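Data block below; observations after.
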Amino acid sequence: MRNIEVTSKTVDQAIEKGLQMLGVNREDVEVKVISEGSMLKKAVVEIYTFASQEEREEYLKNNKASNEVKLVKTESEDEIVDIPTENVEEVSAVVIEFLEGLLAKMEIEASVSRGIRNGDIIFKVNGESVNNLIGYHGETLEAVQYIVNTIVREKVPAYRKKIYIDVENYRRKRQETVEQIAEKIAKKVLTTKRSIKLEPMNSFERKAIHYALSNIEHIGTHSEGVEPNRCLVIDYID
């Protein structure tokens, strides 16, 4: 058995580069992905070739279990969510008035509703042609949310938690995406036993990942940096 480690911009490019180096076809090798790479890091793969089919089958037998890393959640009591109760109605009146006024000025027909998620108040905007409130990569939505929080701090100073705005479940869908990414990276952390820093995310996404990974054995999270470049780090814990 022979193996080489190859780096490139993407996993596919690393595999293709390795195949050319070895002079073999894709079906003749087994590939282990060490790192899928990101904007700042290159992808890394190990490519294995075999002298016989028996040698290949032995490799697959020995490595099947190690390649299937599972996230094991620890036993815990039912989570007690810190649901805000004080000033909620006053805050809701302020936020809904602002959002409905904004929608009217933009001539967007939509409804505004209130919900609770992870102990935070979230105001949901649903209707037709509301994509203008989201913007590129959610930039407009973040700006609207910043303005809402500024207004709440001025008009309801006793309320100190952050307000979140969601449009057509954009945040919910984004939350599911970043949670899936985080779980894949958590598996790498369990394999390598090394911390991995994620790309900068907003506070909503960082909090979503923290909740998703909070009860997984040997996994911890913490944040580093300052906004808007604050990052979440996934740590290995003995």
Side-chain angles (χ1 to χ4, degrees), residues 1-73 136-139 173-203 205-210 212-214 216-238:
M1 181 174 66
R2 177 188 176 192
N3 72 289
I4 61 172
E5 183 175 285
V6 187
T7 62
S8 191
K9 290 183 179 180
T10 67
V11 169
D12 289 340
Q13 290 177 1
I15 293 173
E16 184 61 31
K17 180 179 177 181
L19 294 177
Q20 293 177 3
M21 292 170 62
L22 293 168
V24 296
N25 297 319
R26 178 65 178 84
E27 60 268 20
D28 299 325
V29 302
E30 293 295 333
V31 177
K32 180 185 293 185
V33 178
I34 306 301
S35 171
E36 294 187 0
S38 65
M39 293 178 63
L40 302 177
K41 295 175 62 178
K42 289 187 175 182
V44 183
V45 301
E46 285 184 352
I47 301 179
Y48 293 80
T49 59
F50 308 92
S52 65
Q53 183 61 26
E54 290 76 13
E55 187 178 58
R56 184 173 192 172
E57 291 176 355
E58 184 67 20
Y59 166 85
L60 292 173
K61 179 181 178 181
N62 293 335
N63 286 272
K64 182 178 180 181
S66 61
N67 287 337
E68 295 178 353
V69 178
K70 295 183 178 181
L71 301 182
V72 180
K73 292 206 169 186
Y136 181 71
H137 286 179
E139 290 177 352
K173 295 172 184 176
R174 177 60 181 164
Q175 175 181 338
E176 292 173 353
T177 299
V178 297
E179 285 177 353
Q180 291 172 1
I181 293 172
E183 289 185 355
K184 289 179 64 176
I185 295 178
K187 290 180 180 180
K188 292 182 182 179
V189 171
L190 289 174
T191 301
T192 63
K193 296 184 178 181
R194 293 181 178 179
S195 298
I196 296 179
K197 180 186 291 187
L198 306 183
E199 296 180 2
M201 295 179 179
N202 59 48
S203 61
E205 293 170 352
R206 294 196 305 270
K207 188 170 185 178
I209 293 176
H210 171 75
L213 304 182
S214 59
I216 294 177
E217 287 185 354
H218 304 298
I219 291 293
T221 60
H222 75 276
S223 293
E224 293 182 356
V226 295
E227 301 290 1
N229 297 313
R230 195 161 172 79
C231 303
L232 192 80
V233 180
I234 301 178
D235 299 304
Y236 181 82
I237 301 174
D238 288 328

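Keep in mind the model is a prediction, meaning the values are calculated, not measured. Computation of the quantities below employed the complete heavy-atom set of this structure, encompassing side-chain atoms and omitting hydrogens, waters and symmetry-equivalent molecules.
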Treating R2 as the side-chain partner and I47 as the backbone partner, does any N or O pair qualify as donor plus acceptor under 3.5 Å? no
Minimal non-hydrogen separation, V6 against G18, with atom names: CG2-CA, 3.8 Å
Is there a side-chain contact between L190 and H218 (heavy atoms, below 4.5 Å)? yes
Quick one: pull up CD1 in I209 and CD1 in I185 and give me the separation to the nearest 0.5 Å. 7.5 Å
Using 30° and 60° as the class boundaries, would you call the ring planes of Y59 and F50 parallel, tilted or perpendicular? tilted
Given the options I4, D28, L22, N3, T49 meets side-chain contact (heavy atoms from CB on, under 4.5 Å) only with L22
Check whether any side-chain heavy atom of R26 lies under 4.5 Å from a side-chain heavy atom of V31, and answer yes or no. yes
So do the side chains of S195 and D235 get within less than 4.5 Å of each other, counting heavy atoms only? yes
Working to the nearest 0.5 Å, report the span between CZ of R230 and OG of S203. 10.0 Å
So, using side chain to side chain donor-acceptor pair (under 3.5 Å) as the criterion, who are the partners of N202 when residues are at least two apart? E142
Identify the two heavy atoms, one from R56 and one from V29, that lie closest to each other, and give their separation to 0.1 Å. NH2-O, 2.9 Å
Between C231 and E199, the two heavy atoms sitting closest are SG-C, 4.1 Å
Scanning both residues in full, the closest heavy-atom pair of A186 with I219 reads O-CD1, 3.7 Å
How many angstroms lie between CD in E16 and CD in Q13, if you round to the nearest 0.5 Å? 9.5 Å
Closest contact, heavy atoms only, R174 versus E205: NE-OE2, 2.8 Å
Return the minimal non-hydrogen interatomic distance between A14 and T7, and the atom names on each side. CB-C, 4.3 Å
Determine whether I234 and L198 make a side-chain contact, defined as any pair of heavy atoms from C-beta on separated by less than 4.5 Å. yes
CD-CD distance between E58 and E55, expressed to the nearest 0.5 angstrom: 9.5 Å
What distance do E30 atom CD and L60 atom CG have between them, rounded to the nearest 0.5 Å? 4.5 Å
About how many Å separate NE2 of H222 and CZ of R206, when rounded to the nearest 0.5 Å? 12.0 Å
